[in-house]
Protein chains: 2
Amino acid sequence: MSKKIQKRDAEASKALIITHAKSLFSEKGYASASMDELAKRCGLNKAMVFYYFKNKKGLYEAVMREVLVEIQEAITEENKTHSKPIEELEGFIRTYARYACEHPYLPALLLKELSDSGAVFPEMLFTSMRQLFALFSDILKRGEEKGCFDNAIPMILYFMVIGTLNLMVTTKPLRLEAAKLEDIDLDTCAGCDIDEIADYIIIKIKQMLKEPK
Amino acid sequence: MSKKIQKRDAEASKALIITHAKSLFSEKGYASASMDELAKRCGLNKAMVFYYFKNKKGLYEAVMREVLVEIQEAITEENKTHSKPIEELEGFIRTYARYACEHPYLPALLLKELSDSGAVFPEMLFTSMRQLFALFSDILKRGEEKGCFDNAIPMILYFMVIGTLNLMVTTKPLRLEAAKLEDIDLDTCAGCDIDEIADYIIIKIKQMLKEPK
DNA sequence: TATAATTAACTAACCAGTTAATTGATAGGA
DNA sequence: TCCTATCAATTAACTGGTTAGTTAATTATA
């Protein structure tokens, strides 16, 4: 069943649209992303977008679904390789960090959605985010039961982790620019790579969860 | 010099536009905010917007400037009442939290800007954010010199604080909705007020900055 | 030959920004 | 106190460009 190269390939066209839509939406945001430009980037006729995805919202929905499923699967998969809560937590943070850095459309799209309270597309951001948060929350809960974590409020800690990582990824160009100015002595971590950042967050989160003795 | 009520009042019209623009931009984002709708909300003619602010970008600039100056002044003012770094840090977090909660357009606008790397209006977001960050950074630096803080990377800690607070504010409606569902046992802190959240963050940040002995 | 994929050309709505005309406040002179 | 010239504030109506979405015809494939 190997696919031969053909002029017409529904799957290929669909995938092409999603790929370019991911970057377009994350660059411009939902409202400013033009379907004309998307078609041009894909090298397809604009009508194809509506043929496959009904309308702009439908395309955005498909994009968000793919993005969220991807990150969720990556993290869930990685999580299986650990048994101790501390290792699970470390894995969660490191995997999210790497994934966000390699797929920078994710933090951009997520922050845009979260700053809108899901104005464009509530329901599914909702379910997917809830599932990811549930995984994080469970790790902390198990850790508390085993006595290795103390005084954890999962919701706040969750936003601490993904909020910080998302911002560190999306503001990278901004921080690089700020580093060039030398009027005030300010370290914007412009040179830091994502693993260093993840390591630092891990250390600090661990410190936060240490039981006071 | 008391202003009498008159049919024509430039200052009042200008202020009216800014006020409604703040909420419109934070609700819809820059691209989706329509100047027609803004004029309707203000009860003014659309041409007034362009008469006072030249163009949409000019209005957005004015809005962002006001918002950022407001928060910066609030924090700088509060900061003067403290002398010890730990108290300064506490004050910074608590003031930002309260201000963000009382003016929810701030977190919405900030997250939108930061997720774009300042695509709409870079220069001044830049300077203002840098000044606010400089204040935060200085507090940590002084704390480290006095030996009360350890292993602080200001940029990451800054995003940890404002990232978490911004997200907790903007996602409040989302978290309230999530709390109604009971399929999985998940605490979304729907009932938490901003002071409790700020207190928790303060405790955790303090723990993170404790010198290891 | 039937059907799925693709296209060019179109529409109707919207939107930022302009313009020229009009209205209201006000200060100065008679 | 009234008249009026001036200028600032306000308006309705318009423009040109863009956008999401449609349609009917065309081409490739099995």
Kindly say if S13(A) contacts the phosphate of dT6(C), meaning a side-chain N or O under 4.0 Å from OP1 or OP2.
-> yes
Would you kindly give the OH-to-P distance between Y60(B) and dC15(C), to the nearest whole Å?
-> 18 Å
Starting at atom CD of E37(A), determine the distance to atom P of dT18(D), rounded to an integer number of angstrom.
-> 12 Å
Hey, could you give me the CD1/CG distance between I75(B) and N79(B), rounded to the nearest 0.5 Å?
-> 9.0 Å
Name the nucleic acid region contacted by M35(B), choosing base, sugar-phosphate or nothing; use a 4.0 angstrom heavy-atom cut-off, strictly under.
-> sugar-phosphate
Within the structure shown, what part of the strands sits under 4.0 Å from A33(B) by heavy-atom distance: base, sugar-phosphate, or nothing?
-> sugar-phosphate
Atom NZ of K46(B) and atom P of dT15(D): how far apart are they, to the nearest Å?
-> 14 Å
Gap between atoms CE and C1', on M48(A) and dA8(C) respectively (whole Å) | 14 Å
Answer yes or no: is there a donor N or O on one side and an acceptor on the other, between the side chain of R175(A) and the main chain of T188(A), under 3.5 Å?
-> yes
How long is the line joining CZ of F50(A) and P of dT6(C), in whole Å?
-> 16 Å
Which residue, R8(B) or Y30(B), contacts DNA chain C at a nucleotide closer to its 5' end, judged by nearest heavy atom?
-> Y30(B)
Give one of base, sugar-phosphate or nothing for A10(B), where a contact means two heavy atoms less than 4.0 Å apart.
-> sugar-phosphate
K56(B) NZ - dT18(C) C1' separation (whole Å) | 17 Å
What does F53(B) touch in the nucleic acid at a heavy-atom separation under 4.0 angstrom: a base, only the sugar-phosphate, or nothing?
-> nothing
The nucleotide from dA20(D), dA9(D), dC15(C) with an atom nearest the side chain of Y52(B) is dA9(D)
Ignoring hydrogens and geometry, is there a side-chain-to-backbone donor-acceptor pair from K204(A) to M208(B) under 3.5 Å?
-> yes
Compare side-chain N and O positions of Y51(B) against OP1 and OP2 of dT10(D) and report whether any pair is under 4.0 Å apart.
-> no
Heavy atoms, side chains only, cut-off 4.5 Å: are Y30(B) and K56(B) in contact?
-> yes
Donor-acceptor contact present, side-chain T171(A) to main-chain L167(A), <3.5 Å = yes
N45(B) near the nucleic acid: base, sugar-phosphate alone, or nothing, with a heavy-atom cut-off under 4.0 Å?
-> base
Round to a whole Å and report the spacing from CG of L38(B) to P of dC14(C).
-> 17 Å
Atom NZ of K40(A) and atom C1' of dT6(C) are separated, to the nearest Å, by 18 Å
